Amino acid sequence: MKAGGSQLPATVFVFICNLFFVTSHQPPDLQVCGRCSGTVSNNSQVGQFCFFSLGRIDGRCCLNNDNTSDPKRITGLDLSNCSLAHIKDLQEASTAVIMDLSLNPIVNISDTTFEGFVSLNYMILPLDLSCPGGEAAWEKVDVENGSRVCRDQINLCNQTGHLSFTCPGNSLCAPYGPGFFQCSCTDNFHGYKCVREGEFPTFQVFGPLGAFTVALSLLLWFTQRRQVKRG
């Protein structure tokens, strides 16, 4: 009886630890998926995309159905008919391929809202709005069923992905959302406009800064200790 009694608390302890570990490592809920009541309709563009891409519906989102790599990756977002007057903070949906913002009283959307949305290739907007980045950022812009449809985001960099006239020398151009691009230094180059050759001097830059921070912390600690002793 004693042996069984000693094993029970250990089993409970292991169970609690495992429960805490699983709970603490659960991915956070996506707020953008609950920004509007209801769920994605099966007959909508986002719903059909989710069905054919074997995704799963979560509120107003279509999520990647791969539970191992990234179970919370948004591939589709449907915020249509949500009475939204302003659109901002959509970074949770930066991996979306399709997005529907139609049937909303939206007056204006900043292009920077979609900065980093490199996978976005299909957008449905209220008719009064322009496609992010302008028509030059999309292969095709149409008007369908009283909404503006933006199809196939254009890569502003050249076709090879190598040096581009939009980036300085020793750098590569990469798309970064509708109407956006970013320049990254090629191997063995760094600094302003990628003009410095060689590895980035990590120790030379952060070493003195770290030493200064430690010295300042010790000085503050010593000063406070002296004040406490005097008090």
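Since this is a predicted model, take the numbers as computed values, not measurements.
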Could you go step by step and tell me if Phe181 and Asn155 meet the side-chain contact (heavy atoms from CB on, under 4.5 Å) rule? CA-CA 8 Å; Phe181 65 90; Asn155 184 351; over 6 Å; no
Is there a side-chain contact between Val118 and Phe180 in this structure, where contact means two heavy atoms from C-beta onward sitting under 4.5 Å apart? no
Leu125 side chain near Cys150 side chain, heavy-atom distance below 4.5 Å: yes
Can you give me the closest heavy-atom contact between Phe117 and Met99, atom names plus distance? CE2-CE, 3.8 Å
Sole candidate of Leu101, Leu103, Leu79 that passes side-chain contact (heavy atoms from CB on, under 4.5 Å) when paired with Leu84: Leu79
Atom NE2 of His86 and atom OG1 of Thr113: how far apart are they, to the nearest 0.5 Å? 12.0 Å
Atom pair CG/CG of Asp128 and Asn108 - distance to nearest 0.5 Å: 11.0 Å
Closest heavy-atom pair, Pro132 versus Ala137, reported as atoms and distance to 0.1 Å, is O-CB, 3.8 Å
Tell me whether Arg35 is salt-bridged to Glu92, with the criterion being a basic N under 4.0 Å from an acidic carboxylate O. no
If we only count heavy atoms from C-beta on, is the Val143 to Leu127 side-chain gap below 4.5 Å? yes
When clusters are formed by joining ILVMFWY residues with side-chain heavy atoms under 4.5 Å apart, either directly or through shared neighbours, do Val46 and Val32 land in the same one? no
Distance alone, cut at 3.5 Å: any donor-acceptor contact between the side chains of Ser102 and Asp100? yes
Say whether, by atom type as modelled, one donor and one acceptor occur between the side chain of Asn121 and the main chain of Val97 under 3.5 angstrom. no
Tell me whether Asp142 at atom CG has more than 12 heavy atoms from other residues, nucleotides or ligands lying less than 6.0 Å away. yes
Can you confirm whether the side chains of Asp78 and Ser80 place a donor and an acceptor under 3.5 Å from each other? yes
Measure SG to SG for Cys61 and Cys33 and state whether it is below 2.5 Å. yes
Shared hydrophobic cluster for Phe49 and Leu77 (ILVMFWY, side-chain gaps under 4.5 Å): no
Side-chain contact test, heavy atoms from C-beta onward, threshold under 4.5 Å: evaluate it for Ile124 versus Gln45 and give yes or no. yes
Measure the shortest side-chain to side-chain distance between Tyr176 and Glu115 over non-hydrogen atoms and say whether it is less than 4.5 angstrom. yes
Spacing of CD1 belonging to Ile57 relative to OG1 belonging to Thr39, to within rounding of 0.5 Å: 7.0 Å
Looking at side-chain heavy atoms only, is the closest gap between Gln153 and Trp138 below 4.5 Å? yes
Heavy-atom closest pair, residues Ile109 and Phe114: CG2-CE1, 3.5 Å
How long is the span from the CG atom in Leu156 to the CD atom in Gln182, to the nearest 0.5 Å? 12.0 Å
Got more than 12 heavy atoms from elsewhere within 6.0 Å of CD, Glu139? yes
At what distance, to the nearest 0.5 angstrom, does CD1 of Ile74 lie from OG of Ser119? 12.5 Å
Hydrophobic clustering (ILVMFWY, side-chain heavy atoms < 4.5 Å, transitive) - are Met123 and Leu129 grouped together? yes
Below 2.5 Å, is that where the SG pair of Cys183 and Cys194 sits? no
Nearest heavy atoms of Cys62 and Gly55, plus distance in Å: SG-CA, 4.1 Å
Backbone N or O of Val141 within a donor-acceptor pair of the Arg148 side chain at under 3.5 Å? no
Do Cys131 and Pro178 make a side-chain contact, defined as non-hydrogen atoms from C-beta onward lying under 4.5 Å apart? no
Test item: Ser184 side-chain N/O and Leu172 main-chain N/O as donor-acceptor pair under 3.5 Å: no
Would you call Lys72 and Asp58 a side-chain contact if the rule is heavy atoms closer than 4.5 Å? yes
Closest heavy-atom pair and its distance - Cys36, Asn81: SG-O, 4.4 Å
Work out which heavy atom in Ile87 is nearest to a heavy atom in Ile106; give both atom names and the distance. CG1-CD1, 3.5 Å
Working to the nearest 0.5 angstrom, can you tell me the gap between Leu30 CG and Arg60 CZ? 15.5 Å
Looking at Asp152 and Lys140, is any side-chain nitrogen of the basic one under 4.0 Å from a carboxylate oxygen of the acidic one? no
